[in-house]
Amino acid sequence: MTITSPHLGSPSVWTDARLLYALEEVVEGELNRHLKVAKDWMPHEYVPWGDGRNFPGLFEDGEPWTKDQSKVTEIGRTALVVNLLTEDNLPSYHHEIASLFGRDGAWGTWVHRWTAEEGRHGIVMRDYLLASRAVDPDKLEQFRMAHMSEGFESDNRHSMLHSIAYVAFQELATRISHRNAGHQSGDPVCDRMLARIATDENLHMVFYRNLLKAAFELAPDLTMQAVRDVVVNFRMPGHGIPGFERAAAQMAIGEVYNLRIHHDDVLQPVLRFLKVMDLDGLGPEGRQAQEELGLYMGGLDMEAGRFDEKLAARKARMAARAAGR
C-alpha cells in the first residue's frame with residue numbers, strides 16, 4: 001500500500017485524518033465485500049408471535065408477567081437482558097463512530113450500513129422477549145431507560161486506531177456472547193434468533209479485523225500500541241448497564257462469557273489472524289508494546305486457568321448435591 005497523496009504529508013507522522021484518508025480505499029473494498037456476502041433478513045420472521053398476549057395497561061384482559069411463563073433458563077434471561085440493553089445504546093454508538101469516521105465516502109456508507117444492520121438486533125430481541133414473555137417487561141423497560149439515559153462514551157474515542165482495534169475484538173466478543181446465550185437459553189426459537197444475530201456480528205468483526213490488518217501495514221508501531229492498549233483495558237460496551245457486574249458474574253458461571261472464552265475465542269483468534277506476536281521490523285515503542293501484549297496474554301491465560309478450576313469445582317459440588325438428593 002503506497003501513499004502518494006500530497007494531503008497526507010509524511011507517513012511517519014500519522015494523524016487520525018491522515019489514517020482515515022489512507023484507509024479509505026481499504027474501507028471501500030471491505031464494504032463491497034461485506035455487501036456481497038451479507039444477507040438481508042426479516043426480524044419479524046424470528047419472533048413467535050403466536051405466543052403473544054396482552055399485558056396489563058390499556059387492555060382489560062391483560063395478563064401480568066410471572067417467571068413461570070418464560071421458556072428461557074435463568075442464565076438465558078440474564079444474558080438476553082444484558083445483550084439487548086447493550087444493543088439499545090445504538091444511537092450513542094452511531095454518534096461515536098459517525099463523529100470519528102465521518103459521514104462521507106466509503107466510511108460514511110459503512111457507518112450507516114452498520115447502524116442499520118445493528119438496529120435489527122435490538123428489534124428482533126425485544127420483540128422475541130415480549131412475545132414469548134421471556135423476561136419481566138416492566139423491569140426491562142426500566143433498565144433500558146436507566147442505561148440509555150446515561151449514554152455511552154467509548155474508552156477509545158481519543159484515537160481512530162484504538163477504536164478500530166477495539167471493535168475488531170468487541171464485535172467478535174458480541175458474536176460469541178449472543179451465540180452462547182442462545183445455546184444456554186433452553187429455547188430453540190431463541191437459539192435460532194441469536195444465531196442469526198451472531199452471523200451479522202461475525203461479518204462486522206471481519207470488516208474491522210481486515211481494516212486493522214491494513215493499519216498494521218501502514219503504521220505498525222502505532223497499531224501495535226493501540227492493540228496492546230485495547231486488549232489490556234478491554235471492557236464490553238454494556239459495562240454501564242445497571243447491575244452489570246453481578247450479571248457478568250452470572251454469565252461467567254453460566255459459560256456465556258468468561259475469562260477462558262475471552263482469551264481463547266475472542267482475543268487469540270484475532271491476534272493469530274493478524275500474526276501480531278510474529279510481526280517484526282517494529283521500532284522500539286512497537287516492540288515494547290508487542291512484548292507487553294505477550295506478557296499480558298500469558299497472565300490472562302493463567303488467570304483463566306484459575307477460573308476454570310473454580311468453575312470445575314463448583315460443577316462437582318452441584319453434581320454431588322444433586323446425587324445426594
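Along the sequence shown, the residues carry numbers beginning at 1.
Take Glu292 and apply the salt bridge (Lys or Arg N to Asp or Glu O under 4.0 Å) test, not counting sequence neighbours, and it matches Arg228. Scanning for side-chain hydrogen bond (donor to acceptor under 3.5 Å, both in side chains) contacts around Trp41 gives Asp200, with sequence neighbours left out. By the side-chain hydrogen bond (donor to acceptor under 3.5 Å, both in side chains) test, His239 is found to be paired with Arg235, residues two or more places apart in sequence or in another chain being considered. Under the rule for a side-chain hydrogen bond (donor to acceptor under 3.5 Å, both in side chains), the partners of Asp301 that lie at least two apart in sequence or sit in another chain are Arg260. Listed by chain and residue number, Glu63 satisfy the side-chain hydrogen bond (donor to acceptor under 3.5 Å, both in side chains) test with Arg53 (two or more places apart in sequence, or in another chain). The salt bridge (Lys or Arg N to Asp or Glu O under 4.0 Å) check on Asp265 picks up nothing, with sequence neighbours excluded.
The two residues Ala247 and Val82 have their closest heavy-atom pair at CB-CG2, 3.6 Å. The minimum heavy-atom distance linking Ala134 with Val72 is given by the pair CB-CG2, 3.8 Å. Scanning both residues, Met193 and Tyr46, for their nearest heavy atoms gives CA-CD2, 3.9 Å. For the pair Pro237 and Gln170, the tightest heavy-atom approach, listed with the atom from each and the gap, is CD-CG, 3.8 Å. The two residues Glu24 and Ala106 have their closest heavy-atom pair at OE2-N, 2.8 Å. Met251 approaches Asn83 most closely through the heavy-atom pair CE-OD1, 4.2 Å.
Met148 belongs to no multi-residue hydrophobic cluster, having no ILVMFWY side-chain contact under 4.5 Å with any other such residue.
For residues 267-280, no residue pair satisfies the salt bridge (charged side-chain N to carboxylate O under 4.0 Å, His left out) rule, not counting sequence neighbours. Judged as a salt bridge (charged side-chain N to carboxylate O under 4.0 Å, His left out), the pairs with a partner in residues 168-182 (not counting sequence neighbours) are, in order, Arg179-Asp191. Listed by first then second residue, pairs satisfying ring-ring contact (aromatic ring centres under 6.0 Å, His included) with a partner in residues 165-196 read Tyr166-Phe234, not counting sequence neighbours. For the salt bridge (charged side-chain N to carboxylate O under 4.0 Å, His left out) condition, the pairs that include at least one residue of residues 122-149, sequence neighbours left out, are Asp88-Arg126, Glu141-Arg144. Residue pairs meeting the salt bridge (charged side-chain N to carboxylate O under 4.0 Å, His left out) criterion with at least one member in residues 96-117, sequence neighbours excluded, are Asp40-Arg113, Arg113-Glu117.
Between the side chain of Gln69 and the backbone N or O of Pro64, at least one donor-acceptor pair lies under 3.5 Å. The backbone N or O of Asp229 lies less than 3.5 Å from a partner atom in the side chain of Asn233, making a donor-acceptor pair. Under the 3.5 Å distance criterion, the side-chain polar atoms of Gln290 are matched with a main-chain donor or acceptor of Val276. At distances below 3.5 Å, at least one donor-acceptor pair connects side-chain atoms of Asn180 with backbone N or O atoms of Val256. A donor-acceptor distance shorter than 3.5 angstrom exists from the side chain of Asn258 to the backbone of Ala252, with no hydrogens or angles considered. Proximity of a side-chain donor or acceptor of Thr109 to a complementary backbone N or O of Leu31 within less than 3.5 Å is not detected. Of the possible polar contacts, one joining the Thr223 side chain to the Ala215 backbone as a donor-acceptor pair under 3.5 Å is found.
In terms of hydrophobic clustering, with Ile, Leu, Val, Met, Phe, Trp and Tyr side chains grouped at heavy-atom distances under 4.5 Å, Val266 and Val206 are assigned to a common cluster. In the hydrophobic cluster analysis, where Ile, Leu, Val, Met, Phe, Trp and Tyr join through side-chain heavy atoms closer than 4.5 angstrom, Phe307 is grouped apart from Met302. Ile123 and Leu203 are not part of a single hydrophobic cluster, where members link through side-chain heavy atoms under 4.5 Å apart. Two different hydrophobic clusters hold Phe55 and Trp49 under the rule that ILVMFWY side chains link at heavy-atom gaps under 4.5 Å. Linking ILVMFWY side-chain heavy atoms closer than 4.5 Å, directly or via other members, places Ile176 and Met297 in a single hydrophobic cluster.
Counting non-hydrogen atoms of neighbouring residues, nucleotides and ligands closer than 6.0 angstrom, the CZ atom of Arg314 reaches no more than 12 such neighbours. For His94, the NE2 atom is densely surrounded, since the number of other residues' heavy atoms within 6.0 Å is greater than 12. For Gln268, the CD atom sits in a packed shell: over 12 heavy atoms of surrounding residues, nucleotides or ligands are nearer than 6.0 Å. Within 6.0 Å of CE in Met277 there are more than 12 heavy atoms belonging to other residues, nucleotides or ligands.
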For this session: Kindly indicate, with the supporting measurements, whether the criterion side chain to side chain contact (heavy atoms under 4.5 Å, CB included) is fulfilled by Trp107 and Leu23.
Result: CA-CA 9 Å; Trp107 282 104; Leu23 289 170; 3.9 Å; yes

Set out, in order, the CA-CA distance, both residues' side-chain angles and the distance that settles side chain to side chain contact (heavy atoms under 4.5 Å, CB included) for Ser70 and Arg77, then state yes or no. CA-CA 9 Å; Ser70 177; Arg77 282 194 294 275; 3.4 Å; yes

*Stepwise, does the side chain to side chain contact (heavy atoms under 4.5 Å, CB included) test hold for Met224 with Glu285?*
CA-CA 9 Å; Met224 184 67 74; Glu285 293 182 339; over 6 Å; no

Residue pair Asp51, Tyr128: steps toward the side chain to side chain donor-acceptor pair (under 3.5 Å) verdict: CA-CA 10 Å; Asp51 293 347; Tyr128 165 81; over 6 Å; no

Report task. Given side chain to side chain contact (heavy atoms under 4.5 Å, CB included), test Val81 with Leu140 step by step and report yes or no. Result -> CA-CA 7 Å; Val81 169; Leu140 182 64; 4.3 Å; yes

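Between Phe207 and Trp110, the ring-plane angle classifies as parallel under the 30° and 60° cut-offs.
For the pair Arg209 and Phe273, the distance from NZ or CZ to the six-membered ring centre is under 6.0 Å and the angle to the ring normal is within 45 degrees.
The existence of a salt bridge linking Asp221 and Arg287 is excluded, since no basic side-chain nitrogen approaches an acidic carboxylate oxygen closer than 4.0 Å. Salt bridge Glu303/Arg306: absent, no basic N to carboxylate O contact under 4.0 Å.
With rounding to the nearest 0.5 Å, the separation of CE in Met145 from CD in Gln142 is 10.5 Å. In this structure, Met160 CE and Leu19 CG are separated by 4.5 Å, a value rounded to the nearest 0.5 Å. For the atom pair OG1 (Thr86) and CD1 (Ile241), the distance works out to 3.5 Å, reported to the nearest 0.5 Å. Rounded to the nearest 0.5 angstrom, Leu194 CG and Gln184 CD are separated by 12.0 Å.
Put simply, the side chain of Ile253 does not reach to within 4.5 Å of the side chain of Ile75, judged on heavy atoms. Contact check for Gln225 versus His162: no side-chain heavy atoms found under the 4.5 Å cut-off. Using a 4.5 Å cut-off on side-chain heavy atoms (C-beta onward), Leu211 and Val26 make contact. Side-chain contact between Leu212 and Val167: absent, with no pair of heavy atoms (C-beta onward) separated by less than 4.5 Å.
Residues Asp187 and Ser185 have side chains that never bring a donor and an acceptor to within less than 3.5 angstrom of each other.
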